[in-house]
Structures are given as structure tokens and as C-alpha cells.
**Student:** 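Can you keep this structure in mind? I'll have questions shortly.
Reminder, nothing fancy here: chain letters follow the sequence lines and each chain counts from 1.
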Protein chains: 2
Amino acid sequence: MSLNLQEKILRAASELFYSQGIRATGVEAIAKAANTTKMSLYKYFMSKDDLVLAFLRKRDEDFRGWFVDQVDGKADTPKAKLLAVFDVIGEWMAIPEFRGCAFINAAAEFPLAGNPVLQVSAEFYDHFRRYIADLAEQCGSKSPESLALQLSLLLEGAIVSEQMKRHSGSAEQAKQAAIILIEHSIIDIPDTSLLTSNPGEQQ
Amino acid sequence: MSLNLQEKILRAASELFYSQGIRATGVEAIAKAANTTKMSLYKYFMSKDDLVLAFLRKRDEDFRGWFVDQVDGKADTPKAKLLAVFDVIGEWMAIPEFRGCAFINAAAEFPLAGNPVLQVSAEFYDHFRRYIADLAEQCGSKSPESLALQLSLLLEGAIVSEQMKRHSGSAEQAKQAAIILIEHSIIDIPDTSLLTSNPGEQQ
DNA sequence: ATAGGAATATACCGATCGGTATAGTCTATT
DNA sequence: AATAGACTATACCGATCGGTATATTCCTAT
């Protein structure tokens, strides 16, 4: 029935961190939202920074688990799953609580280079990209890593775009672009390499 | 020689806001960085919020101006410019001061729906997308708005990706994807519509 | 019944926040 | 030389920050 106190605190913190931002959320407000006090909060978490990392790590697990389940519930074949990814993101972006990606937001709030927050955020996207790359490989993509990175750029772009301006069709456009990129990565179309910007400084 | 005091304050604020984050930067630190005091700061700016908006609006102007100049310096034809966009972003992301997109970061720090910060950030990307859409139209793209949105998703994705993990080749991959999308948007390849995720629930 | 640990309530700490009040310094114009 | 206005220096305001000390209540296990 009632949750572990530690989990209650973590849940309250997670919701506030995500909805209001991390720096904008004080520990007093977290304790109040969890129906407890700062004393108990500091019994389970050494510091606010510790709580922030716990939030991000749990979010990493939860989101990826939820995400894979959603995709699996929508599609069976690898190629269909690769496209369903964009539908799942699109549905996520449509919920009113959507406030962008917790990891991108956290990275924006804690810019210092060696910060563990940045590290956890980078790991999340590594995991995410690995998931996409595996699907890409099962599709028969000729360079799964490249395709995975490109698709993840579309996804991240759609998320931050939707965060700044809601309902601008980012997810649909991302999916349309993904269709083209996926198809192009699977079946080769040899005569599209005639596009060069400045032939002299090609890298 | 020496700048307007108001501009000196705005410059100091801009650098600190961008490098450390907005909430993490106090007005006292801004005044100190501008070699002045809080009193003068509050003579020229009504509040910190006012200063934040001034920072974002100036950034909007400056960045877009700088960006267009860079692109124009790299390419002549619309199509070449469309690709040069990715080179410019790639070079920008390589400088050590790079800390992501000021507008995405600001949006992450001020999540409340009606916040003017969010509005200014959305306007920046509207302007940016318009610039891309104009180039796309001059290229003969069949749907310049769609292509522009797709390309901007790639760009925004590359920026946040590079912010979380430096030197992961985001800009190059974004450019490779852009080449395919641009080519596909200009010359039609009719037989790539055989890609459907779940035929029953197509939206 | 009672002891012990878990949780609460509350007050406090020093530091910093955004913002202001007041007095003094400097320089340019007359 | 005097005056005006821009700028500085500094102290202060109430509020809030992350974090702690202390004492009390509550529940459970023996």
C-alpha cells in the first residue's frame, strides 16, 4: 500500500525536479511534497546533489524500461519498431506534463564539465542510442551506428523543439525524416552522391 | 574605446549566463564581472528577469547575424548554403566555450508555460527555421517548410547531443543525414513509400 | 510494560539570494 | 569655483537556500 519513505521522497523530488527544474526546487519543498520533513530526507540522502543523481539514475532506468515496453507493444519487426520509436516519443510529447527531456534539462542546469549530472545524462543517451543501433542492425542497416546517431538526433531535436513550442508537429516531421533515412540506410541508392557544398574543403 | 556601461553589464551577464547558467549566476557576480556595482546594474535594468530577457534578445540578434555571415562566407548557392549550415554549427560546437544553445538552456531553466523566456526562445527558432526554409525554397524543395523543420531538428539534436558528450561526431552525422533529406526533398524518389510500421493504425 | 528505533516538529545555522537606501567620489559643463 | 549627474562603496533588507541540532512522538518487538 504505502511506499517506502525513501521512495516517497525520491518520487516527490523527481516530480518537482522535472516539472520546475532542479535549481528551482528546494529541499524543504521536496520534504513537504513527500509529507515528511527535511530530517528524514537527509537520513536517506546525503545531500541535495545525491538526491539529484538518484533522480536521474532512476529516471534512466524507468524511462528506458517504459520506452522499450511501449515500442514492443506497438510493433513486432525491427523495422517497425524503429518507426514506432517516433510514435512513442510523439505520444509522450503530447501529454500535458511534458517538459522536455530530464537529462537535457539537467545538463543545461549543471554545465560544469566534470559534473556527475552531465555524466549520467550522457550515459542515458549512450544506452538509448545502443537500443536504436541494435534495432538498426537487425533491420539490415549498412551502418547501424550512423543511422542510430542520426535518428537519435532527430528525436532529441524533436523533444527540445516541442519543449520550446508545443504542438508544432516535431514528432511527425522527425518520423518522416526517419523513414527516409532508414530506407536509405537499408537499400542503397547509389546516385545521390552528387551533392557537394564546397568541393575544395571537403572533409 | 571603452563601452557603454549598460553594454558592459549586458556583456558580462551574457557570458556568465551562458557559461554557468542563469539561475546559478547572481547579480552581484555580474556587477563584479562588469567592474561595476549592483547599483549601476539596477539603474539600467529593472530586475534580473529584465536582464535575462535583454541577454536572450541580444543573443538572438547577434547569433543569427553571425550565423548568416558565416554561411554566406562559406557558400554561394542555396543548396551549398543549406549544407554549410551544418559546417558552421560543427565549428561552433568545437570551440571550448561551447555550452549548448542558450535558448534551449534557458527554456530548461524556466519551464513555466507562459514565461517570456520560453517565448523569446521559441521566437529564435522560428526565425532560424524561416532562414532555413527560405534556403530550402530557393533550392527547389518540394516542401520547404517540412525540410526546414527536419533539418532544424537535426541541428538542435546535434547541439544538445554535443552538449552532453563532446566530440561524438554529431555535426558530421547531422550533415550526412541532411544530405540525404535535402536530396530526397528536391528530386523525388517514388518507390520508397513501402515502409509502414503498423498498417492498421497509420495516422 | 517497556525499551529502541523510526519518524516528526521546530528552531536554528551561516551563506547567499534579489533588491534598495544612503552617502560619497569623480568628472564635465557652465 | 560651483553645480549637476553619473558612478561607486557599502551597508542593509527580508527571504530563502542547503544542512543540522534537539527534543518529542509514535510504533513495534521483546
**Student:** Counting only side-chain nitrogens and oxygens, does Thr36(B) get under 4.0 Å of the OP1 or OP2 atom of dT8(D)?
**Tutor:**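 So the side-chain polar atoms of Thr36(B) do come within 4.0 Å of the phosphate oxygens OP1 or OP2 of dT8(D), strictly under.
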**Student:** Check this for me, if you would: do Arg23(B) and Glu109(A) make a salt bridge, where the nitrogen-to-carboxylate-oxygen distance has to be below 4.0 angstrom?
**Tutor:**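 Glu109(A) and Arg23(B): not salt-bridged.
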**Student:** For dA6(D) and Tyr44(B) - does any side-chain N or O of the residue sit under 4.0 Å from the phosphate oxygens OP1/OP2?
**Tutor:**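 No, Tyr44(B) has no side-chain N/O under 4.0 Å of OP1/OP2 on dA6(D).
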**Student:** If you draw a 6.0 Å radius around CD in Glu15(B), do more than 12 non-hydrogen atoms from other residues or ligands fall strictly inside?
**Tutor:**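 Atom CD in Glu15(B) is not crowded, with 12 or fewer foreign heavy atoms closer than 6.0 Å.
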**Student:** Any base atoms under 4.0 Å from Phe45(A), or only sugar-phosphate, or nothing? Heavy atoms, all strands.
**Tutor:**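 The answer is nothing, as Phe45(A) stays clear of every strand by at least 4.0 Å.
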**Student:** Rounded to whole Å, please give me the gap between NZ in Lys43(A) and P in dT8(C).
**Tutor:**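 Rounded to whole Å, this separation is 10 Å.
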**Student:** Assert yes or no for the condition that the ring centre distance of Phe67(A) to Phe128(A) is strictly below 6.0 Å.
**Tutor:**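 Yes: the rings meet the under 6.0 Å criterion.
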**Student:** Does Ile9(B) reach the side chain of Leu5(B), with side-chain heavy atoms less than 4.5 Å apart?
**Tutor:**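 They are in side-chain contact.
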**Student:** So, is Ser40(B) close to the dT8(D) phosphate, meaning a side-chain N or O under 4.0 Å from OP1 or OP2?
**Tutor:**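 The answer is yes; a side-chain N or O of Ser40(B) sits under 4.0 Å from OP1 or OP2.
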**Student:** For this output row, return yes or no: ring centroids of Phe55(A) and Tyr18(A) closer than 6.0 angstrom.
**Tutor:**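 No: the rings miss the under 6.0 Å criterion.
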**Student:** Starting at CG of Leu5(B) and ending at C1' of dA6(D), how long is that distance when rounded to a whole Å?
**Tutor:**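 Whole-Å distance recorded here is 9 Å.
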**Student:** Round to a whole Å and report the spacing from CG of Asn4(B) to P of dA6(D).
**Tutor:**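 Result: 12 Å.
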**Student:** Mark up nucleotides 11-21 of chain C, 5' to 3', with B wherever a protein heavy atom is under 4.0 angstrom from a base atom, S wherever such an atom reaches only the sugar-phosphate, and - elsewhere.
**Tutor:** -------BBBB
**Student:** Regarding Glu145(A) and Arg130(A), does a basic nitrogen lie under 4.0 Å from an acidic carboxylate oxygen?
**Tutor:**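 A salt bridge is present here (some side-chain N lies under 4.0 Å from a carboxylate O).
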**Student:** How many whole angstroms separate atom CG of Asn35(A) from atom C1' of dA7(C)?
**Tutor:**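 Between C1' of dA7(C) and CG of Asn35(A): 13 Å.
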